[in-house]
Amino acid sequence: MKLTLFLMLLLSPALAFAGEDAVTRLHDHTFATDQTWSGTVTIDGVVQFAPEATLTILPGTTVLFSKTDTDGDGIGENELYVQGRIIANGTPDKPITFTSSEETKRPGDWGALNIMVSEGQQNELSNCIMEYGYRGFHMHFSKATLTACKLRDNYLGIQCQDSELSVTGCEITRNRGAIVFKDSKLVIRDNVISDNYWGIRFLYGEAELTGNTISGNMINGVTFRENKVKAAGNILTGNRKGFSAEMSEVDMRGNVVRGSVESGLYLKHATGAVSGNVFSGNGNAGVSIEDSDVKITGNDITGNGYYGIDNNGAMDVNAMGNWWGTTDAAQVAGMIYDKDEDAKLGRVVFEPVAVAPSSVMPAKAGIQ
């Protein structure tokens, strides 16, 4: 009888466990008490944490998700669902890994690391690897920090709604979408966001982007719609569009946007200011603008494919005080598409022009 009871307790998924060599398999289960995970944890189902429970994951832990696809849509259904709090702080030499248990791993093998309705306390994840999920990190109505994490080979690296999230020093690569948010407040600082299908997509809410390198994303580097956005000191290279802003309030300072397939910056029905940036070597235009009340001044706009500024709307554009690689007004006029080419368009007012390149150090410029 005692042996049977011991074995039942040993195999119970509700027990906390620790130790680098621990190996545990969890099925569908809801934890209502604090737990500590270490070693190797395999999740074969949906594991939930109730609002009163905290999950602590120790450095070096590997969380494996087996693949279950009952509806045949190719997306795994096993996942972690935290309504309480998660603290998963790995170290550079002992990261915490969330990954597929499949021998041949593919994006979407497992569902997500979900944080839901966890607003009372800050969730913390650092030095974590999240890979081959449908959504590597997913949150609603919650607060969290992601620091020095790697999110790769997921359908979506990060998705959040109605939340507050800080993403710092992370590598977000080879996802279909790197960061997607709606109705949220984000701070995105000093990350590498590269080789995704989509880079960053914002809908509503607020965001600060500082010091990020955003490169090689097949669609756009950064897309925001109906947002309030501050962007400073970012480097965007080799995306289809660099920044794209529609119906948004923008404050862009000290960014470098080079080598975009289309425009370096696309503005539509936007407001705000764009100053001290470099728009160079973009395929179509350095800045493409349509009916936006945005002051464009103190930027370096040189060497772009067709135009430095391409005005596609009826409003005039204030573009005084930029550096065009020349002070010759006739040459600058040749870099502009506006009323002179199509009478229905507004004019780009570019004089006086700057007499030298901007002195801003784009990669280090901060938001004040």
Side-chain angles (χ1 to χ4, degrees), residues 106-108 129-138 146 148-160 165-182 184 186-203 205 207-227 229-246 248 250 252 254-268 270 274 277-288 304-305 362-363:
R106 295 183 175 88
I129 298 169
M130 286 159 267
E131 60 184 14
Y132 300 107
Y134 177 64
R135 291 174 288 202
F137 183 80
H138 178 220
L146 291 177
C149 292
K150 296 180 180 179
L151 298 103
R152 61 198 183 199
D153 298 301
N154 305 285
Y155 273 96
L156 295 176
I158 298 170
Q159 182 179 14
C160 65
L165 176 62
S166 174
V167 184
T168 305
C170 294
E171 296 179 17
I172 308 172
T173 59
R174 303 194 305 271
N175 306 281
R176 183 169 180 83
I179 301 176
V180 179
F181 88 72
K182 181 180 178 182
S184 296
L186 268 69
V187 175
I188 302 172
R189 181 177 292 121
D190 298 330
N191 304 283
V192 173
I193 301 168
S194 65
D195 302 317
N196 304 281
Y197 186 76
W198 281 93
I200 302 173
R201 287 190 290 166
F202 304 156
L203 181 61
E208 292 187 5
L209 287 76
T210 309
N212 302 285
T213 298
I214 302 170
S215 65
N217 299 289
M218 187 176 292
I219 304 300
N220 296 345
V222 180
T223 301
F224 26 86
R225 188 172 185 272
E226 297 184 61
N227 290 96
V229 180
K230 293 183 178 180
N234 303 285
I235 299 175
L236 286 79
T237 59
N239 306 287
R240 192 184 79 176
K241 285 190 181 79
F243 285 99
S244 178
E246 185 173 347
S248 295
V250 299
M252 296 182 57
N255 303 282
V256 174
V257 188
R258 289 194 173 110
S260 306
V261 175
E262 296 181 7
S263 300
L265 172 62
Y266 174 78
L267 299 168
K268 183 176 181 179
V274 175
N277 305 280
V278 174
F279 300 103
S280 176
N282 299 288
N284 288 350
V287 178
S288 183
N304 297 286

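What you see is a predicted model, and the numbers here were worked out from it, not measured in a lab.
A side-chain hydrogen bond (donor to acceptor under 3.5 Å, both in side chains) with Asn234 holds for exactly one of Asn277, Asn255, Asn191; it is Asn255. Partner of Ile158 under the side chain to side chain contact (heavy atoms under 4.5 Å, CB included) criterion, out of Ile193, Leu186, Ile179: Ile179 alone.
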Start with the C-alpha distance between Ile188 and Phe202, add both sets of side-chain angles, then the distance that settles side chain to side chain contact (heavy atoms under 4.5 Å, CB included), and finish with yes or no.
CA-CA 12 Å; Ile188 302 172; Phe202 304 156; 3.8 Å; yes
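Leu209 CG to Ile214 CD1: the interatomic distance, rounded to the nearest 0.5 Å, is 5.5 Å. Annotation: the span from Glu171 atom CD to Asp195 atom CG amounts to 11.5 Å, rounded to 0.5 Å. Atoms CG and OG, on Asn175 and Ser194 in that order, are 9.5 Å from each other to the nearest 0.5 Å. Between the CD atom of Gln159 and the CG atom of Asn154 there is a distance of 11.5 Å, given to the nearest 0.5 Å. The distance from atom CD of Glu208 to atom NZ of Lys230, rounded to the nearest 0.5 Å, is 5.5 Å. Rounded to the nearest 0.5 Å, atoms NZ (Lys241) and CG (Leu236) are 13.5 Å apart.
A search for salt bridge (charged side-chain N to carboxylate O under 4.0 Å, His left out) contacts involving Arg258 returns nothing, not counting sequence neighbours. Qualifying side chain to side chain donor-acceptor pair (under 3.5 Å) partners for Ser260, counting only residues two or more places apart in sequence or in other chains: Asn282.
Asp153 and Arg174 are joined by a salt bridge, as a carboxylate oxygen and a charged side-chain nitrogen come within less than 4.0 angstrom of each other.
At a threshold of 4.5 Å between non-hydrogen side-chain atoms, the residues Leu146 and Met130 count as touching. Looking only at side-chain heavy atoms (C-beta outward), Leu165 and Phe181 stay at 4.5 Å or farther from each other.
Counted by atom type alone, Asn220 and Asn239 present zero donor-acceptor pairs between their side chains at under 3.5 Å.
A cation-pi arrangement is found for Arg176 relative to Tyr197, the charged atom lying closer than 6.0 Å to the ring centre and inside a 45° cone about the ring normal.
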